[in-house]
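Have a look at the structure below, then the notes.
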Amino acid sequence: MESEIDESLAAKRRKTEISERDSNNDIVSEDVVSSDDYDTFLQDYLNRRPKNNLPLFERVIKHEEDEAKERDPAEDLKLYKDACADFADCVMDITEIKASKPDGWKEKINELRKEAAFITLIMKKLNRVEKTRTKISRERINKERHQVDVAQLKLDNLLCEIQHLRKEIDKCLKFKSRPLGIDLIPVQEFYDKAPASISKPEVTKVDEHKLQLARLEWELTQRKELATLLNDLEDKRSHITEQIEKKEKDLNSLAPLIKEVLVVTQPLQDKLGISPFKTLPMSDYTSLLPEPLYFLYIQAIAFSDACDKDISVDIKGSVSEARRVKSHQYREEVKTSEEDSELEEGSSSGTKKNFEAGRQKLFTKHPLSVILKILLKDGSKLDLQFNYYLNLHILTVIPVLNLASSSSHGLLNSTTLLSNLFQGDSGVESPNLKNYYQLKKVGLECFNTEKYGTPYVWVQKMGGLNFIGIDGKVEPKQDVSRANMPVIIKELKRRCHYRLSLISLMEDFERGVIAPPKDMRSIKLCCSLKAWKCSSWLEISENSSLSHLKDSCFISPNDMFFKGVVSRDDAKLNMYISVKCDYPLSPSVIFMEMECGNEKFTSKNSSTLRDMEREVNIYWKELLTSRTEASSSLSYQIFKTMACFDILLESIDPEKFSSNKNILRLHRGRNRSLPFKFVPEDLLFVQRN
Amino acid sequence: MVDKTPYNCVLSQTFSPCGNYLVCGNNYGNIVVYNLTNILNKSENNPKKSPSCSFTSPNHEQICSMVSTNRFCITGTVGVIYGWEWDSLKEGKPQLQWKINLPSPQKRFDQIDINSLFVTEDDQVKYLYAGCGDNKIYVFSLEDGKLVRTFEGHNDYLHSIKHCDWQMVSGSEDGTARLWDLRQYALTAMVEPASEHSLARPHLGKWIGDVDVNSNWLICGGGSRAGLWDMRSLELSAAFSETHDAGVHVTKLHEDSVMIGGNDDFFYRFDLKGEVLSKIETSSSTIYSAVNIEKPVEVLSLAGSSNSIDLCTDLSYRYQVLSFFDEAA
């Protein structure tokens with residue numbers, strides 16, 4: 001039914017539209033017809049046109065829009081509700097009438113239908129008005145919203161700006177110019193001292209900033225002046241040091257001369273009865289010496305008389321004590337067996353006192369000792385003090401090396417000076433097998449070499465004691481002493497000579513001077529030796545990154561250890577160097593540790609360092625061109641290490657560490673080995689294979 | 001005294017065709033042969049861990065690579081490839097059967113390392129492929145030792161070459177791994193690990209230490225981290241970042257896993273997604289060679305910069321350590 005109504009309404013509307021349009025046309029045509037004055041008509045028409053040219057539909061819409069604006073929505077709502085109710089009433093009525101069908105029900109229904117149709121019209125109208133209203137309010141909302149957005153944006157921007165400004169302010173507040181760290185002289189002093197060209201009082205008195213700048217400028221000039229002064233003074237100092245060194249050298253060279261003069265004038269002194277060096281009649285002493293020392297003494301005297309004038313022999317100690325010992329000896333020999341058993345009992349009871357007494361008895365030294373002095377070519381002196389231990393029946397030696405030059409050095413350490421003079425003769429264990437048990441009895445494991453001297457095998461041989469045999473009792477024999485004396489003296493001299501050259505090498509290193517091998521003289525190093533110092537077995541075994549070395553067969557606790565630091569920019573290479581006692585007969589071994597940032601590399605975790613160590617430690621012979629250079633082999637090894645380090649650094653960062661070495665190719669082979677081998681003919685570094 | 005033993009470096013290894021012997025070559029040109037049957041069986045009562053036979057390559061050059069055929073143990077040294085008869089090696093009386101000289105280098109002092117070798121068989125003719133220090137890959141016929149073919153294109157020396165059917169992959173110091181078609185002798189593709197963000201390690205360089213290939217995957221590593229490429233798309237599929245931040249020298253594809261070694265305390269096995277399957281502690285600070293066989297027993301042998309060679313019978317732990325030179329008494 002509703003659709004019916006709708007249709008009818010739509011039809012009605014169409015009709016009205018058409019009629020209105022028609023009427024419009026009518027009006028126009030009427031106008032055309034009725035008006036005489038065409039111009040007036042045109043004017044009229046044009047005036048009306050804006051209204052009239054709108055089609056009816058739009059005009060209706062316009063009208064409804066206006067209505068929507070003017071009418072009260074609440075009222076409309078009420079109206080609508082009423083209309084709905086009326087419509088419902090109509091429908092109900094129609095139903096009732098249709099059901100009861102009273103007279104004239106058809107007309108009544110028609111009436112009611114018309115009424116209902118009108119109500120629908122009202123509802124439609126209200127509906128349209130409502131829609132328009134919604135549209136309008138929506139538009140308004142959009143507009144408002146836009147305005148709010150714009151405002152919001154503006155606010156944001158402003159907030160941002162505020163923050164930025166705040167930051168700027170903070171920055172300005174925090175700004176601290178460098179000069180604040182510099183202590184400047186007081187303003188008054190500044191004006192007094194600084195020249196007007198810097199202080200510029202006319203400006204600076206007014207402008208504080210300018211004043212600050214001027215004071216800084218003055219500070220700078222003053223500092224520059226001081227720097228130049230420092231340089232001058234340092235120059236002066238080095239000059240003076242040089243002079244001192246020269247003079248010391250002159251003085252040192254005087255010493256042998258004076259000695260010679262003394263020797264030459266000896267006969268004259270004798271004649272004149274002047275004896276500056278009191279010499280005791282030797283026969284008194286010699287007869288009191290124990291047999292081994294006696295053999296040593298007379299053989300050394302004989303050797304020095306016959307072959308070697310640089311050797312002198314002397315006896316030291318108390319004669320009276322020696323006499324007492326000699327007279328006691330007979331009695332003691334008788335007693336020995338009894339005492340031995342006593343001693344045993346003592347140790348079994350195990351008190352410390354007994355140990356102490358036993359030790360003291362065991363280490364009874366003969367009161368006399370022989371001093372052998374060997375004068376070396378450069379004026380240095382080696383003093384050897386030979387002691388004899390009565391109960392242990394061995395000789396020991398305490399060496400002291402006195403340098404011609406005054407410098408003292410850790411290398412003079414007596415423990416390593418004569419160690420391994422002959423192969424395997426480290427002096428740690430006593431060559432007298434009996435001593436082991438004797439020492440054990442008093443609770444000792446080994447000999448305190450620093451206190452009692454070292455019982456090297458060669459020392460025993462010098463005293464005629466040959467412990468090689470398994471005989472129970474070793475008697476000193478003169479022929480043993482005689483046979484060994486020349487060899488031992490020669491070795492002693494050679495060892496001292498080497499040691500002295502090693503010391504001069506060390507002094508060079510401490511100054512950062514490294515002599516290059518002959519072939520590599522034209523090679524320039526980019527890195528430099530920054531530090532050189534003595535190290536020790538303890539230091540090496542405590543360094544965790546070198547833990548793999550402790551078990552290495554290359555080094556032993558008897559060696560001398562050094563640490564050298566090579567660096568270039570921020571790259572650092574620590575060299576741990578083990579120098580054998582018999583350097584340069586056995587080559588030195590260099591272990592490397594590279595520090596790179598926080599990481600430490602050694603041959604344990606870097607195959608490149610492993611290669612470097614291989615190059616330096618195994619192929620050291622290539623660096624020597626003749627036998628005479630052997631004593632500088634350590635220097636050559638270090639030079640080679642540094643050259644290799646240059647190449648290593650270049651391989652890490654070619655731009656930062658360009659080295660000026662001639663290299664054919666930087667990497668070769670699956671192990672990417674670096675060119676560490678040097679080819680002298682072409683001054684070229686190549687890979688080794 | 002300082003001898004060479006502590007600085008020994010094993011660069012190459014190979015198993016005999018029967019799998020009972022292991023041959024290793026070092027940087028001094030020494031070659032040693034181990035009898036694995038003795039070593040692996042007598043495990044209970046103090047096995048002899050030293051070689052059954054040791055000899056020296058004619059010119060004492062480093063033994064850069066090795067490969068074995070049915071008859072010969074082929075060693076690639078510097079400029080020369082030698083063929084040793086297996087039977088003679090097993091008996092302990094090494095017999096040199098043939099040698100192939102590489103074309104002489106253009107520059108003086110420039111010596112050509114033969115860094116990688118493999119053999120292919122084609123219509124009963126065996127071809128020996130050699131990846132060399134002069135940036136080229138040479139192909140020799142093993143019938144007459146003649147040079148058959150040369151692959152050129154790399155800009156720096158070859159570290160490793162491997163093949164799978166008709167595809168060859170080569171890894172070079174120049175930072176590229178190239179794929180070649182062995183049928184057409186042509187370059188087919190190229191990967192550059194250093195250009196992958198997840199692999200690049202500029203402080204170690206871009207060189208490639210080792211490559212390996214099968215029908216599905218390509219793996220390579222070196223200065224860059226090891227990475228796995230899908231062969232069809234040549235897209236990086238996995239990066240192996242568990243390893244120490246140091247050079248990689250060995251990458252191997254093994255069934256569905258990947259083995260990686262190099263300058264590291266461990267030798268790693270990963271699955272194809274990059275998860276660690278196992279770690280083996282190694283005696284050498286750098287592993288340069290890893291070889292494995294399945295028969296008669298599964299053995300993996302790891303060698304590198306030390307006097308020790310690690311033998312693993314399981315792919316996850318070290319079973320025995322062999323010594324190259326007898327330890328100094």
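Just so we're on the same page: letters track the sequence lines, and every chain starts at 1.
Checked against side-chain contact (heavy atoms from CB on, under 4.5 Å), Ser12(B) has the following partners two or more places apart in sequence or in another chain: Ile63(B), Met66(B).
Here Leu11(B) is the residue among Leu11(B), Ile114(B), Thr286(B) with the most heavy-atom pairs under 4.5 Å with chain A. When each of Glu61(B), Glu173(B), His249(B) is scored by its heavy-atom pairs under 4.5 Å with chain A, the top score falls to Glu173(B). Contact tally against chain B (heavy-atom pairs below 4.5 Å) for Glu599(A), Lys604(A), His667(A): the top residue is His667(A).
Heavy-atom contacts from other residues, nucleotides or ligands closer than 6.0 Å to NZ of Lys252(B) number more than 12. Around atom NZ of Lys661(A), more than 12 heavy atoms belonging to other residues, nucleotides or ligands sit under 6.0 Å away. No more than 12 heavy atoms of other residues, nucleotides or ligands sit less than 6.0 Å from atom NE2 of His497(A).
Within residues 606-616 of chain A, the residues approaching chain B closer than 4.5 Å by heavy atoms are, in numerical order, Ser606(A), Ser607(A), Arg610(A), Glu613(A), Arg614(A).
Side-chain atoms of Arg672(A) and His159(B), non-hydrogen and from C-beta on, do get closer than 4.5 Å to each other.
In this structure a side-chain-to-backbone donor-acceptor pair under 3.5 Å is missing from Tyr288(B) to Arg670(A). Without hydrogens or angle criteria, Arg668(A) side chain to Gly133(B) main chain gives no donor-acceptor distance under 3.5 Å.
The two residues Ser603(A) and Ser285(B) come nearest to each other via the heavy atoms O-OG, 4.2 Å.
Neither the backbone nor the side chain of Ser673(A) has a heavy atom closer than 4.5 Å to any heavy atom of chain B. Heavy-atom distances place no part of Phe601(A) under 4.5 Å from chain B, backbone and side chain included. Of the atoms belonging to Arg665(A), it is side-chain heavy atoms, and not backbone ones, that fall under 4.5 Å from chain B. Using a 4.5 Å cut-off between heavy atoms, Asn263(B) contacts chain A through its side chain alone, with no backbone atom that close.
Remark: Ser289(B) OG to Asn671(A) CG distance equals 12.0 Å, nearest 0.5 Å.
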